[in-house]
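Quick notes on the structure that follows.
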Amino acid sequence: MKWRSFLQDSLKLRLTLSIPQDPSRPPPLTEEEIELNRNISRYAEEIQRLERENGAYNHELVEGLSGLGRAYANTGNHAEALKTYVRALHINRINEGLHSLNQMPILELIIETNTALNNYAELAENYDYMLWIYSRKYGGNYDPAMVPIIERVANWHLHAYDMTEPPESVKHLIIASSLFRKAYVLLESITGPDDPSLIDPLYGIFNANIKLVERFGFLSSLRVRELYYSLGGMPEYLRNVFYIPKEFNRDDLNDFVKSEAYTLSALQTSFGVGRDVLLEIIQTYEIHPELPRLDYAKALLHLADWHVKFEQRNKAITIYTKAYQVLSETAHNEINPADDSFSDQDPFDSIVLGPQGVTSATDLANKSDLEIENYIANDLKNKSFVAVEFDISAAGIVNNFDIIQSNPDDIRFRSAVKRKFQALPFRPKFENGQPTWAENVKMLYTFQN
């Protein structure tokens with residue numbers, strides 16, 4: 001029998017090799033793919049057997065369904081894997097109750113699969129459910145044991161903001177900030193104030209607020225009032241507003257307020273929240289001199305940059321000076337970290353012109369005019385770009401702005417670039433511990449086409 005089987009397989013192989021392959025047919029499965037499909041069949045057969053013997057809600061089905069879901073996922077069939085995991089979760093809840101922690105491994109598989117499918121709305125529900133389950137386990141969201149779980153969910157919301165479109169994306173920042181605040185309160189109830197462990201959730205709050213401001217931009221209250229003077233006055237609900245999107249004008253601001261009230265409310269408090277958490281971080285470093293001094297200087301730089309973003313340059317210069325001193329004190333092997341921190345001439349805010357955002361920035365300071373021309377001609381074919389030259393004052397303000405070359409080379413594009421750059425905040429250059437002018441800064445920015 002073995003020899004007969006061997007001869008039959010050999011004959012099939014020779015016939016297969018002799019028949020021309022149809023290019024429209026899919027390629028033959030690899031040994032790994034064949035084994036993966038066998039795993040799916042084995043799990044499916046075992047699940048059918050359990051259903052026949054013990055019914056559709058038998059608790060033993062959970063293990064088999066989880067294995068079947070993983071087998072589907074290994075073949076790249078995440079949609080089928082998700083349906084299988086959801087069924088496993090349902091059966092687990094029927095048998096063990098709604099609050100059992102034994103369902104968490106299945107929920108983790110669902111999160112993994114929704115991540116592969118980029119199902120961010122479903123992921124938000126998954127993480128909310130995770131918080132609910134653990135809060136039931138630990139007696140509520142105010143148990144210190146919840147801190148790592150809350151921070152995990154908060155960090156996911158920060159990531160989700162980067163991966164989703166507005167206005168839905170903004171909700172992720174507001175949720176993240178709230179969760180980091182909750183984690184901070186829980187930790188402080190254990191450690192007391194000014195403990196180094198509080199730095200991470202404080203930075204989480206700050207990161208959520210800085211992303212919010214970067215998304216919508218900043219305008220002073222004076223500019224908000226200017227938008228409404230031509231209309232004969234400013235509505236009562238806008239009298240204390242300090243933030244609106246830079247691209248918005250007086251004609252659509254009312255619609256924004258009505259449709260994005262939660263966003264406007266969060267923006268109104270962003271400056272104060274960001275400033276206060278940075279001050280608390282800085283105070284923690286000052287109370288604990290054993291902590292890395294470079295991290296202390298980084299916190300100072302964040303605070304100074306934050307003040308510059310909100311047009312408070314005088315306060316920023318004082319903080320920059322202190323940061324420079326701290327960085328200079330940590331110099332070793334003749335390398336001064338202050339030189340690196342104050343030599344970067346990239347702006348704080350993202351550069352966006354309509355739907356186009358900057359994808360890369362190239363320093364042209366050490367390139368000759370001929371090198372710049374060759375670089376543009378050879379490396380930037382069919383790309384949107386702008387090569388610019390400008391000075392940066394000791395207060396971080398753009399002066400003497402000039403466009404060297406651009407694509408498209410038209411007045412509308414160049415005017416938009418000039419308006420954008422003249423409003424951008426920069427970190428001032430420092431020499432010998434004092435802010436100074438940075439002259440003849442040359443940069444090339446490429447845009448999304």
Heavy-atom donor-acceptor pair, T75 side chain to Y72 backbone, under 3.5 Å =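 Answer holds: yes.
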N/O donor-acceptor pair under 3.5 Å between S177 side chain and L173 backbone =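 It does not hold such a pair.
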task = Quick one: do E373 and Q405 satisfy side chain to side chain contact (heavy atoms under 4.5 Å, CB included)? Show the steps, please.
result = CA-CA 9 Å; E373 289 290 337; Q405 193 168 337; 3.2 Å; yes
Indicate the atoms forming the closest heavy-atom contact of [X] with [Y], along with that distance.
X	Y	result
I317	A394	CD1-O, 3.3 Å
Y445	M443	CE1-CB, 3.5 Å
T164	S169	OG1-CB, 3.2 Å
R70	Y85	N-OH, 3.0 Å
R152	I111	NH2-CD1, 4.5 Å
Q103	L98	NE2-O, 2.9 Å

Does the side chain of [X] come under 3.5 Å of the side chain of [Y] through a donor N or O and an acceptor N or O?
X	Y	value
E96	N102	yes
S270	N209	yes
D391	N400	yes

For the atom pair [atom1] ([X]) and [atom2] ([Y]), what is the distance rounded to the nearest 0.5 Å?
X	Y	atom1	atom2	result
L131	N126	CG	CG	11.5 Å
N92	M104	CG	CE	11.0 Å
I205	D200	CD1	CG	11.5 Å
T318	R313	OG1	CZ	14.0 Å
Y203	L278	OH	CG	6.5 Å
I133	L107	CD1	CG	8.0 Å

task = Assess whether side chain to side chain donor-acceptor pair (under 3.5 Å) is satisfied between D305 and Y320, documenting all intermediate values.
result = CA-CA 8 Å; D305 293 347; Y320 279 134; 2.4 Å; yes
Side chains of [X] and [Y]: does their closest heavy-atom pair fall under 4.5 Å?
X	Y	value
Y43	T84	no
V388	D402	no
L123	W156	yes
L303	I281	no
S178	I175	no
V386	L444	no
I150	Y134	no
E439	F390	no

Answer yes or no: are there more than 12 heavy-atom neighbours, outside [X] itself, under 6.0 Å from its atom [atom1]?
X	atom1	result
D410	CG	yes
I411	CD1	no
E371	CD	yes
Y57	OH	no
Y285	OH	yes

query = Between D162 and K211, is a salt bridge (charged side-chain N to carboxylate O under 4.0 Å, His left out) present by the stated rule, with each step listed?
reply = CA-CA 9 Å; D162 293 326; K211 285 177 179 288; 3.1 Å; yes
message = Could you walk me through whether H302 and F206 satisfy the ring-ring contact (aromatic ring centres under 6.0 Å, His included) test, starting with their C-alpha distance in whole Å, then the side-chain angles of each, then the deciding distance to 0.1 Å, before giving a yes or no?
response = CA-CA 10 Å; H302 281 314; F206 174 70; 5.6 Å; yes
Plane angle bin for [Y] and [X] - parallel if under 30°, tilted between 30 and 60°, otherwise perpendicular:
X	Y	result
F271	H307	perpendicular
W132	Y129	parallel
H157	H172	tilted

ask   = Going through the checks in order, is the side chain to side chain contact (heavy atoms under 4.5 Å, CB included) test met by E80 and K83?
value = CA-CA 5 Å; E80 200 63 37; K83 289 194 292 186; 3.4 Å; yes
inquiry  = I need the full list of side chain to side chain donor-acceptor pair (under 3.5 Å) pairs touching residues 290-299, with sequence neighbours left out, sorted by first then second residue.
reply    =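 Output for this query lists E286-Y296, H288-E290, Y296-K322.
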inquiry  = For a side chain to side chain contact (heavy atoms under 4.5 Å, CB included) check, start with the C-alpha distance between L89 and L109, then their side-chain angles and the critical distance, and finish with the verdict.
reply    = CA-CA 10 Å; L89 182 66; L109 290 171; over 6 Å; no
request  = Given side chain to side chain contact (heavy atoms under 4.5 Å, CB included), test W306 with Q312 step by step and report yes or no.
outcome  = CA-CA 9 Å; W306 193 241; Q312 298 183 8; over 6 Å; no
Show me the donor-acceptor pairs within less than 3.5 Å that the side chains of residues 183-198 make with the rest of the protein, sequence neighbours left out.
residue: Y184; atom: OH; partner: E188; partner atom: OE2; Å: 3.3
residue: Y184; atom: OH; partner: E280; partner atom: OE1; Å: 3.4
residue: Y184; atom: OH; partner: E280; partner atom: OE2; Å: 2.3
residue: S189; atom: OG; partner: L186; partner atom: O; Å: 2.5
residue: T191; atom: OG1; partner: L187; partner atom: O; Å: 3.2
residue: D194; atom: OD1; partner: Q283; partner atom: NE2; Å: 2.9
residue: D194; atom: OD2; partner: Q283; partner atom: NE2; Å: 3.3
residue: D195; atom: OD2; partner: S197; partner atom: N; Å: 3.0
residue: D195; atom: OD2; partner: S197; partner atom: OG; Å: 2.6

ask   = Charged N to carboxylate O under 4.0 angstrom, R414 versus D409?
value =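 Yes, this pair counts.
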query = Less than 4.0 Å between a side-chain N and a carboxylate O, is that true for E151 and R181?
reply =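 No salt bridge links R181 with E151.
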